[in-house]
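Remember, predicted model here, so these are calculated numbers, not experimental data. Lettering of chains follows the sequences in order, A, B, ..., and the numbering in each one begins at 1.
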There are 2 protein chains.
Amino acid sequence: MQRKNLEANGWKVSDTAEFLNLSPEEAAYVELKLALSKALQELRKSKKITQVDLAKRIKSSQSRVAKMEAADNSVTVDLMLRSLFALGASRKKVVGMLG
Amino acid sequence: MQRKNLEANGWKVSDTAEFLNLSPEEAAYVELKLALSKALQELRKSKKITQVDLAKRIKSSQSRVAKMEAADNSVTVDLMLRSLFALGASRKKVVGMLG
DNA sequence: TTGAAATATGTCAAATTTGACATACATTTG
DNA sequence: CAAATGTATGTCAAATTTGACATATTTCAA
């Protein structure tokens, strides 16, 4: 069940940490990953590029790109960062998107 | 051979990208990793903690911590981020160290 | 609508990363 | 100087992540 659904059903889910009741450090990591996934999707869309196109650029697959943008736990921050850089984002921009 | 040695021998190595002649996106990724490794070592030392101690905190091993701080290519950004958070760094602090 | 393009989700063998260990090297302390 | 403590480096089986694929679902223009 997704957060959206929960909220639609009347739940109030403030943040991911509380939702999954993670330790503070696990929470910080997960939230950073979430920020990266959003940044990735935003940047890709802003460039009018499809998941298939991005996949080709990074020599991966559409499904993996989808998982990155969904912050799936089978995906590493490394791959997300590489993707952002492959989309032409500078270090400053990436840091800014996380800031 | 390390950069230090090269420089001691008279080479001028300006940055990692040039040194390893990486593509811009590979370079950005490697340099981010380098920044993380430095941040990790600095934070650990500032807390007067040994590699062994940090290893225990993150349920890893001294050798892996050493490799993180050396930005070894057998280590992921994920592990480095988890380590920074385990040392009590906030997201803001981590981002700041990268900025 | 309807069909095509884009995205999501599940699975899996192959590739990479992991903690653990041994051991070499470095630094500090007595 | 030792010896003790801390760090570096190499190796490996086990664990995780990977790209690829199939297929389901969503989005959107005709």
Side-chain donor or acceptor of B/Lys47 paired with backbone N/O of B/Leu87 under 3.5 Å = yes

request  = Check the distance between C/dA8's P and A/Leu54's CG and give it to me in whole angstrom.
outcome  = 12 Å

ask   = Side chain of A/Arg91, backbone of B/Leu98: donor and acceptor closer than 3.5 Å?
value = yes

message = Among D/dT9, C/dG19, C/dA8, which nucleotide has an atom closest to any side-chain atom of B/Ala66?
response = D/dT9

ask   = Nearest-Å distance, CE (A/Met80) to C1' (D/dT17)?
value = 12 Å

ask   = Is any N or O donor-acceptor pair between the side chain of A/Ser63 and the base of D/dC21 shorter than 3.5 Å?
value = yes

ask   = Counting any heavy atom closer than 4.0 Å, what does B/Ser74 reach on the DNA or RNA strands: base, sugar-phosphate only, or nothing?
value = base

remark   = Whichever of B/Ala70 and B/Arg82 has the more 5' nearest nucleotide on DNA chain D, that residue is B/Ala70

query = In whole angstrom, what separates A/Lys59's NZ from C/dT16's P?
reply = 14 Å

inquiry  = Is it the case that the side chain of B/Lys93 and the backbone of B/Leu84 share a donor-acceptor pair, with hydrogens and angles ignored and the cut-off at 3.5 Å?
reply    = no

request  = Please determine if a side-chain N or O atom of A/Arg44 lies less than 4.0 Å away from the OP1 or OP2 oxygen of C/dT7.
outcome  = yes

task = Look at the side chain of A/Gln62 against the base of D/dA20 and say whether a donor-acceptor pair falls under 3.5 Å; ignore hydrogens and angles.
result = no

ask   = What is the distance, rounded to the nearest whole Å, between atom CG of B/Asp72 and atom P of D/dT7?
value = 17 Å

key: Validation row: A/Ile58, A/Met68 side chains within 4.5 angstrom (heavy atoms)   = yes

B/Gln51 CD to C/dA24 C1', straight-line distance once rounded to whole Å = 14 Å

key: Expected output: side-chain B/Arg44 to main-chain B/Ile49 donor-acceptor under 3.5 Å   = yes

Contact nearer the 5' end of DNA chain C, comparing A/Glu69 with A/Arg64 = A/Glu69

ask   = Which is true for B/Asn73 with a 4.0 Å heavy-atom rule: it touches a base, it touches only sugar-phosphate, or it touches nothing?
value = sugar-phosphate

message = Students often get this wrong, so: under 4.0 angstrom with heavy atoms, is B/Ser61 touching a base, only sugar-phosphate, or nothing?
response = base

query = Would you say A/Thr76 reaches D/dT17's phosphate, i.e. side-chain N/O to OP1/OP2 under 4.0 Å?
reply = no

message = Rounded to whole Å, please give me the gap between CE in A/Met68 and P in C/dA8.
response = 12 Å

ask   = Nearest-Å distance, NZ (B/Lys48) to P (D/dT5)?
value = 18 Å

request  = Identify whether any heavy atom of A/Lys67 sits under 4.0 Å from a base atom; if not, whether one sits that close to sugar-phosphate; answer base, sugar-phosphate or nothing.
outcome  = base

request  = For B/Val65, answer base if it contacts any base atom (sugar-phosphate contacts may also be present), sugar-phosphate if it contacts only those atoms, and nothing otherwise; contact means non-hydrogen atoms under 4.0 Å.
outcome  = nothing

request  = Let me know the distance between CG of A/Asp78 and P of D/dT18, rounded to the nearest Å.
outcome  = 8 Å

